[in-house]
Amino acid sequence: MSHLEDDCYPVNGEHRKKFGQFFTHQDVAKFMTEWVLQSGQTNIYDPAFGLGAFYYAIQNSQYASQNINFYGSEIDSTILKTFQSKQKSIYPLIHLEDYLLAWGKRHQNIVCNPPYMGFQKFENREKAAQLFQENLQIQVSGYINISSAFLLKSISEMDGTGRLAYIMPLEFLSTNYGTLVKQNLIVNQHLVSIIKLNCEKEVFPNVTTSIGIILYDSSRRYDAVNFYDVNDINLLQNFAKLIPTNIISTNILNPHQKWISYFQNNDLKVKSNALVALSKYGKFSRGIATGANEFFILKPSEIKYNSLLESEYLPCISKSSQIKRPIFDPDDYQQLVARDSSVYLFNANENHSESADRYIQYGVSQQFDQRYLTKNRNPWYKTEKREPSRLLLGVFSRGGYKVILNRSKALNLTCFHGFYPNFLGAEQIEKLFLYLSSDVGRQIVSLSMRKYGDNLDKFEPNDLNTALVPALRYFEQMPIDLVKEAIATIEKTGVTPKDINTYFASILR
């Protein structure tokens with residue numbers, strides 16, 4: 001089956017979004033089915049049949065002449081009818097059912113491109129969660145992706161004679177809910193390989209997440225797992241000749257750690273006891289989430305128009321693009337004010353002015369009080385209380401994260417995570433800033449990033465809090481003059497001086 005372009009889908013985008021549908025590229029389907037059928041078992045099951053990409057792949061492969069018993073499940077009657085209407089002969093047995101609600105079966109081989117959607121959006125999530133608990137004694141996180149739930153169920157249904165291949169988002173390699181998935185993948189040493197497809201736009205043109213293929217062999221035990229980083233889909237044709245980016249012993253694979261780093265060639269060798277978790281010095285927290293930026297974030301001209309008192313708004317950074325330099329000082333903020341940028345956060349208390357009350361009533365008329373976050377606050381217009389953070393780090397990035405030394409009194413919204421030091425970290429803010437800005441620091445901290453499609457990287461607060469930074473002795477031994485000169489250089493040029501890169505390179509072996 002050829003890969004379908006957007007205008008050739010038998011259903012529109014809204015329909016596909018409802019079911020989390022991304023149809024499978026023919027080259028991917030060919031690779032996956034052929035790898036699975038190398039098990040020698042002739043039964044193959046697809047839990048999310050769709051338009052039959054894997055079925056067609058077998059019909060057009062070396063296995064076409066063999067007696068392969070293909071069967072599957074599909075929840076979408078529209079898609080299934082489309083497939084059946086195109087069949088001139090007998091088509092495979094496909095059950096119209098919700099796979100996550102159909103339990104009690106075992107399979108030799110499984111091949112699947114599961115739905116890509118959050119569990120919260122799944123209509124039958126409560127029943128599905130109950131069945132996971134009853135059948136596997138697994139408590140499914142509300143944050144899990146449906147694709148990971150499919151994978152967990154499929155692993156449990158392997159009969160021990162064949163193979164499984166899944167193409168799915170690789171978010172689970174870096175998330176808390178992914179710990180459960182990784183545990184189940186390695187518990188019996190059946191995980192063979194994970195292939196990260198950096199050509200995700202070729203495989204799925206509309207995805208914004210990292211995509212990979214999971215290869216799992218229930219008939220054998222493997223001492224190590226191969227991690228591949230593939231940039232060209234054509235390389236799958238000669239997969240046996242590909243050299244893994246990393247080969248990691250199954251015994252040392254920790255499901256609580258982020259596996260996404262195994263797709264990177266990391267040649268950094270760090271001295272023993274040179275690094276500690278950043279949480280030793282404090283913690284990053286997400287920025288203020290208003291729930292309705294259109295209402296809460298104001299320009300100076302809008303403050304004046306609404307006659308708000310000075311006590312009824314606070315300075316803030318509402319967009320990452322508002323900060324152009326690594327060191328953000330009060331003058332930078334005042335320039336934003338002078339340009340009438342959106343840099344004020346509405347912050348009226350319960351004893352607010354008549355002007356603020358009129359503005360609040362305007363918000364009610366526009367139903368800002370009924371947004372997901374606002375309707376659960378009392379009063380709805382009261383935002384989170386935060387202190388300005390002196391160290392900011394960008395949530396999303398391409399080609400390197402954004403770290404800011406904040407000398408202003410501006411609060412940060414969700415475009416940045418803000419660092420709040422403990423007693424130990426309060427004295428190390430500038431040094432932490434220099435480390436995070438350095439070449440070595442960026443290489444080490446970037447290992448904690450979550451990798452998405454289109455070269456998009458993301459940090460969650462806990463990703464940063466568990467990231468590795470120098471032990472206290474490296475900060476305490478930094479010459480004061482080195483720190484002052486480096487800060488002055490960055491303030492003037494925006495570039496981290498070589499002396500800082502050299503200093504932090506001392507943590508390497």
Side-chain angles (χ1 to χ4, degrees), residues 27-28 31-39 109-111 148 151-152 154-155 158 160 162-175 178-200 203 210-272 275 443-452 457 463 466-468 508-509:
D27 293 340
V28 172
F31 165 73
M32 291 171 62
T33 51
E34 289 187 353
W35 185 87
V36 162
L37 289 172
Q38 287 172 17
S39 69
N109 297 311
I110 296 179
V111 63
S148 290
L151 178 60
L152 282 171
S154 289
I155 290 172
M158 298 298 291
R163 291 178 166 187
L164 171 149
Y166 256 65
I167 180 167
M168 59 184 288
L170 296 181
E171 296 171 3
F172 75 91
L173 297 179
S174 301
T175 59
T179 299
L180 177 64
V181 183
K182 288 179 283 187
Q183 284 174 339
N184 280 266
L185 279 171
I186 63 174
V187 63
N188 293 314
Q189 294 185 280
H190 295 314
L191 180 60
V192 182
S193 302
I194 303 180
I195 307 166
K196 184 172 180 287
L197 298 174
N198 294 321
C199 45
E200 70 279 340
V203 180
S210 56
I211 296 295
I213 299 174
I214 312 296
L215 301 180
Y216 182 95
D217 185 350
S218 70
S219 67
R220 288 182 53 195
R221 293 182 181 272
Y222 293 79
D223 294 330
V225 177
N226 297 321
F227 291 83
Y228 294 88
D229 201 38
V230 174
N231 294 312
D232 187 341
I233 196 171
N234 293 317
L235 294 175
L236 294 177
Q237 297 176 14
N238 296 300
F239 180 71
K241 296 181 180 180
L242 291 184
I243 299 174
T245 305
N246 272 304
I247 301 175
I248 308 298
S249 171
T250 307
N251 292 331
I252 67 171
L253 274 175
N254 185 345
H256 296 279
Q257 293 179 344
K258 297 177 176 63
W259 291 5
I260 200 72
S261 62
Y262 295 135
F263 299 105
Q264 303 170 12
N265 276 314
N266 179 21
D267 296 325
L268 292 176
K269 305 297 182 183
V270 180
K271 291 179 181 177
S272 177
L275 298 175
Q443 289 182 67
I444 294 174
V445 173
S446 292
L447 296 176
S448 298
M449 278 181 169
R450 303 185 183 198
K451 302 290 183 180
Y452 291 84
D457 299 325
D463 298 337
T466 57
L468 297 176
L508 303 179
R509 286 189 279 128

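Source: prediction; values computed, not measured.
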| Can you tell me how far the NE2 atom of His190 sits from the CG atom of Leu215, to the nearest 0.5 Å? |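 CG of Leu215 is found 14.5 Å from NE2 of His190.
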| query | Just how far is it from atom CZ of Arg221 to atom CG of Asp223, taken to the nearest 0.5 Å? | reply |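 So the CZ of Arg221 and the CG of Asp223 are separated by 10.5 Å.
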| Which of parallel (below 30°), tilted (30 to 60°) and perpendicular (above 60°) describes Phe227 and Phe263? |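 Taking Phe263 first and then Phe227, their aromatic rings stand perpendicular (interplane angle over 60°).
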Ignoring hydrogens and angles, write down the donor-acceptor pairs under 3.5 Å from the side chains of residues 251-259, residues two or more places apart or on other chains.
{"from": "Asn254", "atom 1": "OD1", "to": "His256", "atom 2": "N", "distance (Å)": "2.9"}
{"from": "Lys258", "atom 1": "NZ", "to": "Asp463", "atom 2": "OD1", "distance (Å)": "3.3"}
{"from": "Trp259", "atom 1": "NE1", "to": "Asn254", "atom 2": "O", "distance (Å)": "2.9"}

| said: Whether the side chain of Ser218 engages the backbone of Gly162 through a donor-acceptor N/O pair (distance < 3.5 Å, no angle test) should be reported. | reply: yes
| Heavy-atom side-chain contact between Val225 and Leu185 under 4.5 Å | no
| query | If you take all heavy atoms of Ile194 and Leu191, which pair is closest and at what distance? | reply |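 Of all heavy-atom pairs spanning Ile194 and Leu191, the closest is CD1-CD2, 4.1 Å.
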| said: Nearest 0.5 Å, please: how far is CD1 in Ile247 from OH in Tyr228? | reply: 7.0 Å
| query | How many angstroms lie between CG in Asn188 and CZ in Arg220, if you round to the nearest 0.5 Å? | reply |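 Nearest 0.5 Å value for the CG-CZ distance: 15.0 Å.
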| field | With sequence neighbours excluded, residues passing side chain to side chain contact (heavy atoms under 4.5 Å, CB included) with Ser154 | value |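 Pro47, Tyr99, Ile110, Leu164, Tyr166.
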| Is there a side-chain contact between Val192 and Trp35, using heavy atoms and a 4.5 Å cut-off? | yes
| Listed by chain and number, what are the side chain to side chain contact (heavy atoms under 4.5 Å, CB included) partners of Leu152, not counting sequence neighbours? |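 Once residues adjacent in sequence are excluded, the partners of Leu152 under the side chain to side chain contact (heavy atoms under 4.5 Å, CB included) criterion are Phe132, Ile144, Leu180, Val181, Asn184.
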| message | Once rounded to the nearest 0.5 Å, what's the spacing between atom CG of Asp229 and atom CG of Asn198? | response | 4.0 Å
| query | Does Asn109 reach the side chain of Leu37, with side-chain heavy atoms less than 4.5 Å apart? | reply |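 Heavy-atom side-chain distance check passes, below 4.5 Å.
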| field | Distance in Å, Leu197 CG paired with Leu235 CG, rounded so as to fall on 0.5 Å steps | value |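 CG of Leu235 is found 10.0 Å from CG of Leu197.
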| said: Using the side-chain contact (heavy atoms from CB on, under 4.5 Å) definition, which of the options Ile195, Val36, Ile233, Ile167 pairs with Phe31? | reply: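 Result for side-chain contact (heavy atoms from CB on, under 4.5 Å) with Phe31: Ile195.
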| Below 4.5 Å, heavy atoms only, C-beta onward: do Val28 and Ile213 meet side chain to side chain? |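 With C-beta onward as the side chain, the pair touches.
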| message | Do Ile260 and Lys196 have side chains that approach each other closer than 4.5 Å (heavy atoms only, starting at C-beta)? | response | yes
| Which pair of heavy atoms, one from Ser148 and one from Met168, lies closest together, and at what distance? |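 Heavy-atom minimum between the residues: OG-CE, 3.7 Å.
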| task | Applying side-chain contact (heavy atoms from CB on, under 4.5 Å) between Leu170 and each of Ile211, Thr175, Ile214, report the one that passes. | result |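 Filter result, single survivor: Ile214.
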